[in-house]
K.L.:
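Quick one: the structure is below, questions incoming.
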Amino acid sequence: MTWDELDAHLDRVPGTVSAYVGRVGAAPTWTRHADATHYAASTMKAAVLVALHRAAEAGALGLDAPVPVRNEFDSALPGAPRFSCARHYDNDEAVWERVGAEATLRWLAHRMIVRSSNLATNLVIGHVGLPAVARVWDLAGARHSVTGRGIEDFAAREAGVTNLVTAADLAALLGALAAGADTPGPLASPAGCAAMLDVLFAQEHREDLAAGLPEGTRIAHKNGWVRGVRHGAGVVFPDDAPPYAVVVCTTTDLADGGPSGEEDDDACRLIARVSAAAWAARRDLT
């Protein structure tokens, strides 16, 4: 399938489908509405991960120091009451089992990515702060993405404070991590970037981008979903070609809002189809 044919296919999809495909460190080979903003869902957790590692490298936080696991957070809306996460809306019972006890920030960050735990995310944000996450987007060269609040901060949401991403910005963020593991870059040291990639490689929700790749292909990625939204953002590391970024953001009724294993989620299949097309073209990406 050519890129023009893929574009024609996506033109028939209801809603907005954005995409970015290109080698790390190079101009994109193919984009589609790459600067259109979408509700971020859980893709913003990749920027939170970077903010945490940057704070650790600066000596402001210790990744292996235990912190209290609680379910109460400050709202991003000044004067609003504190808020909590809903257990039934989370994807990781392991974090909830530690409420009232302690866990390390390293462990919480891992659960935030590999199981997409909302509770773990808000705990990490509580230690790094939203300005640090905003700084990560700036350093990555993102132009439109915003992390304005934590997960389930409904008072802030009702006041218009939101989390947004674009396909181009997610590609810039993950591409900078991949490049930074080899050459010092703006986000973290090479060792820090490599450590974050290892977390993203361990992603357990593999029903979208990873589903379009041959079994065993290495992909460092983060996805996100709520009803009407499904995104996948990653960097693929083929054995026979340079690494490349592939991002698909969808705001469409095709997304049923479920986590992994949703065989009837057409948005997952659509993202997998784009991922498969990028894989087929991996040796020819510019």
K.L.:
Starting from L200, can I reach V235 by hopping between I/L/V/M/F/W/Y residues whose side chains sit under 4.5 Å apart?
P.N.:
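Linked within one cluster.
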K.L.:
Taking atom types as modelled, is there a side-chain donor on T166 or T37 under 3.5 Å from an acceptor on the other?
P.N.:
no
K.L.:
D208 and salt bridge (Lys or Arg N to Asp or Glu O under 4.0 Å): which partner among R273, R230, R269?
P.N.:
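Exactly one option meets the salt bridge (Lys or Arg N to Asp or Glu O under 4.0 Å) with D208, and it is R230.
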K.L.:
Got a sec, which pairs hit ring-ring contact (aromatic ring centres under 6.0 Å, His included) with one end in residues 120-146, sequence neighbours left out?
P.N.:
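Listed by first then second residue: nothing to list.
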K.L.:
Should L105 and L61 count as side-chain neighbours, where that means a heavy-atom distance under 4.5 Å?
P.N.:
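Sidechains of L61 and L105: in contact.
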K.L.:
For the pair R149 (side chain) and V161 (backbone), establish whether a donor and an acceptor sit closer than 3.5 Å, ignoring hydrogens and angles.
P.N.:
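Yes; judged by distance alone, with no hydrogens or angles, the pair exists.
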K.L.:
Nearest 0.5 Å, what's the CG-CG distance between D169 and D35?
P.N.:
7.0 Å
K.L.:
Mind listing the side-chain donor-acceptor pairs of residues 181-192 below 3.5 Å, one per line with the distance, residues two or more places apart or on another chain?
P.N.:
| residue | atom | partner | partner atom | Å |
| --- | --- | --- | --- | --- |
| S189 | OG | E57 | OE2 | 2.5 |
| S189 | OG | G192 | N | 3.0 |

K.L.:
I need the R282 CZ to L213 CG distance, nearest 0.5 Å.
P.N.:
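R282 CZ to L213 CG: 9.5 Å, rounded to 0.5 Å.
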K.L.:
So, using side-chain contact (heavy atoms from CB on, under 4.5 Å) as the criterion, who are the partners of A51 when residues are at least two apart?
P.N.:
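In terms of side-chain contact (heavy atoms from CB on, under 4.5 Å), with neighbours along the sequence ignored, A51 is linked to V128, A132, V133, V136.
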K.L.:
Could you report the tightest heavy-atom contact between A94 and R111, atom names first, then the distance?
P.N.:
CB-NH2, 4.0 Å
K.L.:
Restricting to non-hydrogen atoms, name the atom on G148 and the atom on A76 that form the minimum distance, rounded to 0.1 Å.
P.N.:
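For G148 and A76, the tightest heavy-atom pair comes out as O-CB, 3.3 Å.
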K.L.:
With side chains defined as the heavy atoms from C-beta onward, is the minimum distance between W107 and R98 less than 4.5 Å?
P.N.:
yes
K.L.:
Would you please indicate if the ring centroids of F237 and Y244 are separated by under 6.0 Å?
P.N.:
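No - the distance between ring centres of F237 and Y244 does not fall below the 6.0 Å cut-off.
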K.L.:
Assess, by modelled atom type and distance only, whether the side chains of T251 and H38 contain a donor and an acceptor separated by less than 3.5 Å.
P.N.:
yes
K.L.:
Might you point out which heavy atoms bring A155 and L77 nearest each other, and give the distance in Å?
P.N.:
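Scanning both residues completely, I find the closest heavy atoms to be O-CD2, 3.7 Å.
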K.L.:
Report the C-alpha separation of T217 and W279 in whole Å, then their side-chain angles, then the decisive distance to 0.1 Å, and conclude whether the side chain to side chain contact (heavy atoms under 4.5 Å, CB included) test is met.
P.N.:
CA-CA 10 Å; T217 301; W279 174 263; 3.6 Å; yes
K.L.:
Checking V50 against M196 for the side chain to side chain contact (heavy atoms under 4.5 Å, CB included) test, could you report, in this order, the C-alpha distance in whole Å, the side-chain angles of both residues, the deciding distance, and whether it holds?
P.N.:
CA-CA 7 Å; V50 179; M196 287 184 273; 3.8 Å; yes
K.L.:
Tell me if a side-chain donor or acceptor on S275 pairs with a main-chain N or O of I271 at a distance below 3.5 Å.
P.N.:
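No; zero donor-acceptor contacts below 3.5 Å.
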K.L.:
Going by atom types only, do K45 and S116 share a side-chain donor-acceptor pair under 3.5 Å?
P.N.:
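Present: a donor and an acceptor within the cut-off.
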K.L.:
Answer yes or no: is there a donor N or O on one side and an acceptor on the other, between the side chain of D90 and the main chain of L119, under 3.5 Å?
P.N.:
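Yes.
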K.L.:
If you measure from CE on M112 to CE on M44, what distance do you get to the nearest 0.5 Å?
P.N.:
8.5 Å
K.L.:
Can you sort out the partners of A65 under side-chain contact (heavy atoms from CB on, under 4.5 Å), two or more places apart, ordered by chain and number?
P.N.:
none
K.L.:
Short question: side chain of S84, backbone of N71 - any donor-acceptor pair under 3.5 Å?
P.N.:
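At least one qualifying donor-acceptor pair exists.
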K.L.:
Quick check against the 3.5 Å criterion: does T250 have a side-chain atom that pairs as donor or acceptor with the backbone of V17?
P.N.:
no
K.L.:
Check for me, please, whether L174 and I219 land in the same ILVMFWY cluster - side-chain distances under 4.5 Å, paths through other members count.
P.N.:
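L174 does not cluster with I219.
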K.L.:
What distance do N122 atom CG and N118 atom CG have between them, rounded to the nearest 0.5 Å?
P.N.:
7.0 Å
K.L.:
Return the OG to CG distance between S145 and L164, rounded to the nearest 0.5 Å.
P.N.:
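One finds 7.5 Å between OG of S145 and CG of L164.
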K.L.:
Using the six-membered ring wherever Trp is involved, compare the ring planes of W225 and H205 and label them parallel, tilted or perpendicular (cut-offs 30° and 60°).
P.N.:
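The rings of W225 and H205 stand perpendicular, inter-plane angle above 60°.
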K.L.:
Locate the shortest heavy-atom distance separating V69 from V95; write the atom from each residue and the value.
P.N.:
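In this case the closest contact between V69 and V95 is CG1-O, 4.0 Å.
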K.L.:
Determine, for D253 against R227, whether the closest basic-nitrogen to carboxylate-oxygen distance falls under 4.0 angstrom.
P.N.:
no
K.L.:
Flag the pair R23 / T29 as yes when at least one side-chain heavy-atom distance between them is below 4.5 Å, and no otherwise.
P.N.:
no
K.L.:
Out of curiosity, does L139 fall in the hydrophobic cluster containing I125 (side-chain heavy atoms, cut-off under 4.5 Å, transitive links)?
P.N.:
yes
K.L.:
Contact between L254 and V13 at the side-chain level, heavy atoms closer than 4.5 Å - yes or no?
P.N.:
yes
K.L.:
Within 45 degrees of the axis of the six-membered ring of F201 and under 6.0 Å from its centre: does R218 put its NZ or CZ there?
P.N.:
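Yes; both conditions hold, so R218 lies above the ring face of F201.
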K.L.:
With heavy-atom distances below 4.5 Å as the criterion, would you say the side chains of S75 and F154 are in contact?
P.N.:
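No, every pair of side-chain atoms sits at 4.5 Å or beyond.
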K.L.:
Within the side chain of Q203, is there an N or O that forms a donor-acceptor pair under 3.5 Å with the backbone of I113?
P.N.:
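A pair under 3.5 Å: yes.
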K.L.:
Taking atom CG of L108 and atom CG of L123, what is their separation to the nearest 0.5 Å?
P.N.:
5.5 Å
K.L.:
With sequence neighbours excluded, what pairs up with D7 under the side-chain contact (heavy atoms from CB on, under 4.5 Å) test?
P.N.:
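Counting only residues at least two positions away or on another chain, D7 forms a side-chain contact (heavy atoms from CB on, under 4.5 Å) with W30, R32.
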K.L.:
Measure across E152 and A86 and return the closest heavy-atom pair with its distance rounded to 0.1 Å.
P.N.:
OE1-N, 2.9 Å
K.L.:
Is there a chain of hydrophobic side chains (I, L, V, M, F, W, Y, each step under 4.5 Å between heavy atoms) that links V248 to V21?
P.N.:
yes
K.L.:
Ignoring hydrogens and geometry, is there a side-chain-to-backbone donor-acceptor pair from N223 to H231 under 3.5 Å?
P.N.:
no
K.L.:
Grab the two heavy atoms, one from V124 and one from A109, that are nearest each other, plus how far apart they are.
P.N.:
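Shortest heavy-atom contact: CG2-N, 4.2 Å.
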K.L.:
Is the shortest side-chain heavy-atom distance between T147 and L130 below 4.5 Å?
P.N.:
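With C-beta onward as the side chain, the pair touches.
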K.L.:
If the condition is side-chain contact (heavy atoms from CB on, under 4.5 Å), which residues does T2 pass it with, not counting sequence neighbours?
P.N.:
D4, E5
K.L.:
Answer yes or no: are there more than 12 heavy-atom neighbours, outside D239 itself, under 6.0 Å from its atom CG?
P.N.:
no
K.L.:
Count the heavy atoms of every other residue, nucleotide or ligand shown that sit under 6.0 Å from CZ of R143, and state whether that count exceeds 12.
P.N.:
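No.
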K.L.:
Kindly work out whether a path of hydrophobic side-chain contacts (I/L/V/M/F/W/Y, heavy atoms less than 4.5 Å apart) joins V226 to V146.
P.N.:
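No, separate clusters.
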